[in-house]
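Worksheet: the structure to be examined is printed underneath.
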Amino acid sequence: MGWAIALHGGAGDIPLSLTLGSRWPREEALHHCLQIGVEALKAKKPPLDVVELVVRELENIPQFNAGKGSVLTNKGTVEMEASIMDGRTKNCGAVSGLKTVVNAVSLARLVMEKTPHVYLAFHGAEEFAKEQGVETADSSHFITAENVERLKQAKEAHRVQIDYTQPLQNGTKEETSNSNGEVQLGTVGCVAVDSYGNLASATSTGGLVNKRVGRIGDSPIIGAGTYANELCAVSVTGEGEAILRATVARDVAAMMEFKGVSLEEAASYVIHDCMPKGTAGLVAVSATGEVAMPYNTTGMFRACTTEDGYSEVAIWSAS
Ligand code: ASP
């Protein structure tokens, strides 16, 4: 038994040839956000506060596909989405279709705490954000030059871009790093458990490059991209449609609940045996402080620390 935290900055076919210039800022960001989460857990902050804090920080870093730095829709706009869940109470909140909210994860938490609902989207979510007085910004805050270029490339190739690779129209796959070797970005998520076994999970994303306006992925869907109960907390990343079909986050918890298997076994089974190869990864913690971070893609930006001193920041399996 002990506290533990794990976070991710997206899974995909991250090219092993990733330039140091692309790799370094993301690894630095993972270290930085992990540190913030660890300090918060050590200061006895509730896991729900910890995951919100860490995901807010990740949303503010433009190298990741959430908040500032969100990828663009087919109309060149941002539509951000997020969710958060408390394991002990199973209270949860989710938002989609945000265009002005700086920290989607905090609005998801407000949906959970200030409304009788779980999920608000588009106009209603924006209206709720205004009512709550959360920080908003003009679209220029979220849209980066890199994402304008990514959308242009995706449109030229007539494709919806799923992270680092995506099926082309003819069903083959190609690497989608930009000509300058800059990789596509990743959704962010964080899971945490305190030394009393309280668990929480949060996930936030801009979705997919060139996604159709109105498309909702797995990240705001409780049970698909995010889940937490009294046994574990899970945040998923990858191809949203595949993750939705497989209800990945809930399946990990269900394996533990109904089959009595360990977190490691459940997470590994769901990612490696239930999901098509190259589609998903997740970070998860259990009530007893175990961490699992399996992925079936080439890599996943990820980091974790446990109370007993284990710490890792990694992209590929050998790094
Ligand atoms: N799962 C996200 C989505 O499909 C993308 C990602 O994880 O990078 O919207």
Side-chain angles (χ1 to χ4, degrees), residues 6-15 26 29-30 55 58-59 61-67 69-74 77-83 94-98 104-105 108 119 121 142 146-147 150-151 154 159-167 176-177 183-191 201-227 234-252 270-271 275-276 278-284 293-302 315:
L7 54 103
H8 68 78
D13 284 340
I14 305 167
R26 292 178 174 84
L30 291 175
V55 169
L58 287 160
E59 287 175 336
I61 298 171
Q63 274 85 13
F64 295 114
N65 171 20
S70 286
V71 298
L72 307 182
T73 67
N74 60 348
T77 55
V78 289
E79 287 188 354
M80 298 168 284
E81 44 194 14
S83 60
V95 286
S96 280
L98 301 179
V105 70
Y119 194 176
F142 304 99
E146 289 79 11
N147 281 328
R150 285 187 182 104
L151 177 63
R159 66 196 179 201
V160 175
Q161 202 147 289
I162 297 169
D163 276 335
Y164 309 91
T165 65
Q166 85 293 311
T176 57
S177 57
V183 294
Q184 303 309 322
L185 307 172
T187 290
V188 303
C190 180
V191 289
S201 171
T203 310
S204 182
T205 189
L208 307 180
V209 182
N210 200 22
K211 67 180 181 181
R212 196 183 170 96
V213 163
R215 178 262 188 187
I216 292 171
D218 60 299
S219 308
I221 304 295
I222 300 301
T226 299
Y227 192 73
V234 185
S235 172
V236 188
T237 171
E239 294 185 15
E241 283 68 12
I243 297 164
L244 280 164
R245 287 182 195 109
T247 58
V248 171
R250 170 62 196 155
D251 265 17
V252 173
V270 171
I271 289 296
M275 296 293 292
T279 56
L282 63 82
V283 295
M293 303 192 293
Y295 55 92
N296 67 15
T297 51
T298 310
M300 177 168 75
F301 292 101
R302 61 195 188 278
I315 305 174

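First listed ligand is number 1; within each ligand, the first listed atom is number 1. Here the structure is a predicted model, which is why all the values come from computation and not from measurement. The figures here come from the full heavy-atom set of this structure, side chains too, leaving out hydrogens, waters and symmetry mates. The residues of the chain are indexed from 1 along the displayed sequence.
Glu81 places no side-chain N or O within donor-acceptor distance of the main-chain N or O of Ile216, the cut-off being under 3.5 Å. A donor-acceptor pair is defined here as one N or O able to donate and one able to accept, closer than 3.5 Å; no such pair exists between the side chain of Asp218 and the backbone of Thr237.
The distance criterion of under 3.5 Å between nitrogen or oxygen atoms is met by Gly240 with respect to ligand 1.
Counting heavy atoms under 4.0 Å from ligand 1, residue Met300 does not touch it at all. Heavy atoms from both the backbone and the side chain of Thr187 come within less than 4.0 Å of ligand 1.
Results of the side chain to side chain donor-acceptor pair (under 3.5 Å) test with Thr226 over Ser201, Ser83, Ser235 single out Ser83 as the only residue that passes.
A salt bridge links Arg215 to Glu241: at least one charged side-chain nitrogen sits closer than 4.0 Å to a carboxylate oxygen.
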Q: In sequence, state the C-alpha distance, the side-chain angles, and the governing distance for Glu59 and Ser204, and then conclude on side chain to side chain donor-acceptor pair (under 3.5 Å).
A: CA-CA 7 Å; Glu59 287 175 336; Ser204 182; 2.6 Å; yes
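Each of the following atoms of ligand 1 lies closer than 4.0 Å to a heavy atom of Arg215: 3 (C), 4 (O), 9 (O). Every atom of ligand 1 with a heavy atom of Thr237 under 4.0 Å away is listed here by number and element: 6 (C), 7 (O), 8 (O). Within the listing of ligand 1, atoms 9 (O) sit less than 4.0 angstrom from a heavy atom of Gly207. Annotation for ligand 1: atoms under 4.0 Å from non-hydrogen atoms of Asp218 are 1 (N), 2 (C), 3 (C), 4 (O).
Judged by the shortest distance from any of its heavy atoms, Asn65 lies outside the 4.0 Å radius around the atoms of ligand 1.
Across every non-hydrogen atom of Gly214 and Glu79, the tightest pair is N-OE1, 2.9 Å.
Partners of Thr205 by side-chain hydrogen bond (donor to acceptor under 3.5 Å, both in side chains), not counting sequence neighbours, listed by chain and number: Thr187.
In this comparison of Ala11, Gly238, Gly186, the heavy atom closest to atom 2 (C) of ligand 1 sits on Gly238.
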